[in-house]
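Predicted, not measured: the structure shown is a model, and the values here were computed from it.
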Amino acid sequence: MPVRELTAAQTEEIHRYTAKLRDVVSLLYPYGASVQIRTYGCQGNEADSERMMGLLRQAGFTAYDQTGTSLPDLVIFNTCAIREHAADRVFGNVGRLKETRAANRNMRVAVCGCLAQQKGIAEKLRQTFPFVDIVFGTHALHQLPELLYRSLTGERRVTQVAESDGIIAEGIPAERAIPYKAFLPIMYGCNNFCSYCVVPFVRGRERSRRPEVIYKEAEALLQDGVKDLTLIGQNVNSYRGQSESDGQARRFPDLLRHVAGMDGDFVLRFMTSHPKDCTEELLKTMAAMPCIGNHIHLPVQAGSDSILEQMRRGYTAGQYLSLLHRAKTIVRDLAVTSDIIVGFPGETYDDFKQTLDLVREARFANLFTFIYSPREGTKAALLPDPVPHSEKVKWLQELTALQEEIGSAECRSLIGATRRVLVEGAGHKRTNAGRAADHRVTEFGGEALVPGTFTNITVTAADRLMTFGEIISA
């Protein structure tokens, strides 16, 4: 489908409302206005929060200092809808602001993101949390200055959750939470319609940014000191961006090669990938470009072919394992992480045992495991689900124990290896903590190093998820 971008007039409207909002903020908050953005969910939401902070900074807001005694003037809940637990957490945290909001006339509370975009949620917020001032969905992030302006100038409840296939808003400033780390969105939305997932409904259909725009943004980030650059999308390796120079589509391996070839000392990552789009060309690109991290997040979701078919994943367990073995052959020391849903409607224990068998063979570096959570509007939510939750909890515990055993062995296999890590700060057990190219965390001693710098270490010990080591002296 054709990609829709903001028109020049719409972009000018953002600038106009940003200026108007800045004037209102200076009047209402003469001693300065602060914003606290509480982000839930994936890296896409983190990137959205950075863009909201960029817009609000232009309008006169500063980031809320949680170490102080004052309250934020604006609280934004940037939400996730992927599981029921995430939604419940948001509702609980929003509810705790009721008295605080009532006591502060100029304070504003906003709920945005995937949960806000989900059908019926805006009305639930209106009825359950009348003190919430602004509700907006995933397609209205660029309208934040206008929505906040309307709220601060007297509009009681401001809501913008119109359904849309999505639009790309270029030129939105971003304020990164960590100076040396950046998430760079390259595409939005999803066309896969897995039977359990709400992403296509709340994020819209797949739409890719123009490659030239991505290249320009990547170069600016690297020149600004970014050392850890992650290309992100709901299904990042389905990227198909149309080039301005020749009108031809650029695929994800093309984009990856171009960014990996840019000047600078940095590690390049990407997520999240769908197995159907993990091509041999992509894997060979990873192997050929030294700066691309040797890690891929490749969600499998289940090990039973019948469950995978009901999930509409588009592959069998055998096909997934064949892809995994091929990937590990092509990319040296590849670390693979994955997602698994336990207790999908109709799943039996025999189905679940096939998932355990797949995990034993796959030997994932790490697993993100979840008990199935029905999402309204999805096909899976209509399926009979006879297995009690208590039984699913036992299955999850069995899976977790197996992965802990595998993860520990995989980490121990790295003992004695030399690892190049990007320092991220202080460790829990050692002076420093950093992340290697395979995305594993390493803690090591010595004097405290500056976050955002690279160093080499020798691995001396390991546990389930991380390694420990010592700096290699120059």
**Request:** Report yes or no: does Gln117 contribute a side-chain atom to a donor-acceptor pair with the main-chain N or O of Thr138 at less than 3.5 Å?
**Result:** yes
**Request:** For the pair Asn45 (side chain) and Thr79 (backbone), establish whether a donor and an acceptor sit closer than 3.5 Å, ignoring hydrogens and angles.
**Result:** yes
**Item:** Ionic contact status for Arg209 with Glu217, cut-off 4.0 Å
**Value:** yes
**Asked** Among all residues two or more places apart in sequence or in another chain, which pass the side-chain contact (heavy atoms from CB on, under 4.5 Å) test with Val35?
**Response** Ile37, Met53, Leu56, Phe61, Leu74, Ile76
**Message:** Would you say Thr230 and Gln43 are linked by a side-chain donor-acceptor pair, where the criterion is simply a distance under 3.5 Å?
**Reply:** no
**Request:** Return yes when atom NZ of Lys328 has more than 12 non-hydrogen atoms of other residues, nucleotides or ligands closer than 6.0 Å, and no otherwise.
**Result:** yes
**Prompt:** Counting only N and O atoms by type, is there a donor-acceptor contact under 3.5 Å from the side chain of Asp254 to the main-chain atoms of Arg251?
**Reply:** yes
**Asked** Backbone N or O of Thr337 within a donor-acceptor pair of the Asn366 side chain at under 3.5 Å?
**Response** no
**Request:** Answer yes or no: is there an ion pair linking Arg420 with Asp265, defined by an N-O contact shorter than 4.0 Å?
**Result:** yes
**Asked** What side-chain hydrogen bond (donor to acceptor under 3.5 Å, both in side chains) pairs are there with at least one residue in residues 82-95, not counting sequence neighbours?
**Response** Tyr40-Asn93, Asn93-Arg96
**Request:** Establish, from distance only, whether the side-chain atoms of Asn78 and Ser49 form a donor-acceptor pair under 3.5 Å.
**Result:** yes
**Asked** Do any N or O atoms from the side chain of Glu398 and from the backbone of Lys394 form a donor-acceptor pair under 3.5 angstrom?
**Response** no
**Asked** Should the pair Asp228-Arg269 be classified as a salt bridge under the 4.0 Å nitrogen-to-oxygen rule?
**Response** yes
**Asked** Taking the side chain from Asn235 and the backbone from Ser273, do they hold a donor-acceptor pair closer than 3.5 Å?
**Response** no
**Message:** Main chain of Gly407, side chain of Arg412: is a donor-acceptor contact present, judged purely on distance under 3.5 Å?
**Reply:** no
**Item:** More than 12 heavy atoms from other groups under 6.0 Å of CD on Glu404
**Value:** yes
**Message:** Is the distance between the ring centroids of Tyr180 and Phe266 under 6.0 Å?
**Reply:** no
**Message:** Is it true that Glu361 and His325 share a donor-acceptor pair across their side chains at a distance under 3.5 Å?
**Reply:** yes
**Request:** Compute whether any side-chain donor of one residue and acceptor of the other, for Arg257 and Thr285, lie under 3.5 angstrom apart.
**Result:** yes
**Request:** Not counting sequence neighbours, list each pair that qualifies as a salt bridge (Lys or Arg N to Asp or Glu O under 4.0 Å) and has a residue in residues 285-306.
**Result:** none
**Message:** Between the side chains of Glu281 and Lys284, is the shortest nitrogen-to-carboxylate-oxygen separation below 4.0 Å, so that they form an ion pair?
**Reply:** no
**Asked** Does CD in Glu123 sit with more than 12 non-hydrogen atoms of other residues, nucleotides or ligands closer than 6.0 Å?
**Response** yes
**Prompt:** Taking it one step at a time, do Val300 and Ile340 satisfy side-chain contact (heavy atoms from CB on, under 4.5 Å)?
**Reply:** CA-CA 6 Å; Val300 63; Ile340 287 181; 3.8 Å; yes
**Item:** Flag for Arg313-Tyr196: side-chain donor and acceptor within less than 3.5 Å
**Value:** yes
**Request:** Mind checking side-chain contact (heavy atoms from CB on, under 4.5 Å) for Lys124 and listing every partner two or more places apart, or none if nothing turns up?
**Result:** Phe91, Thr128
**Prompt:** What residues form a side-chain contact (heavy atoms from CB on, under 4.5 Å) with Ala174, not counting sequence neighbours?
**Reply:** Glu50, Arg51
**Prompt:** Ion pair present between Arg326 and Glu280, side-chain N to carboxylate O less than 4.0 angstrom?
**Reply:** yes
**Asked** Which pairs with one or both residues in residues 428-442 pass salt bridge (Lys or Arg N to Asp or Glu O under 4.0 Å), sequence neighbours excluded?
**Response** Arg419-Asp438, Glu424-Arg435, Asp438-Arg440
**Request:** Indicate whether any N or O donor in one side chain lies under 3.5 Å from an N or O acceptor in the other, for Ser304 and Glu347.
**Result:** no
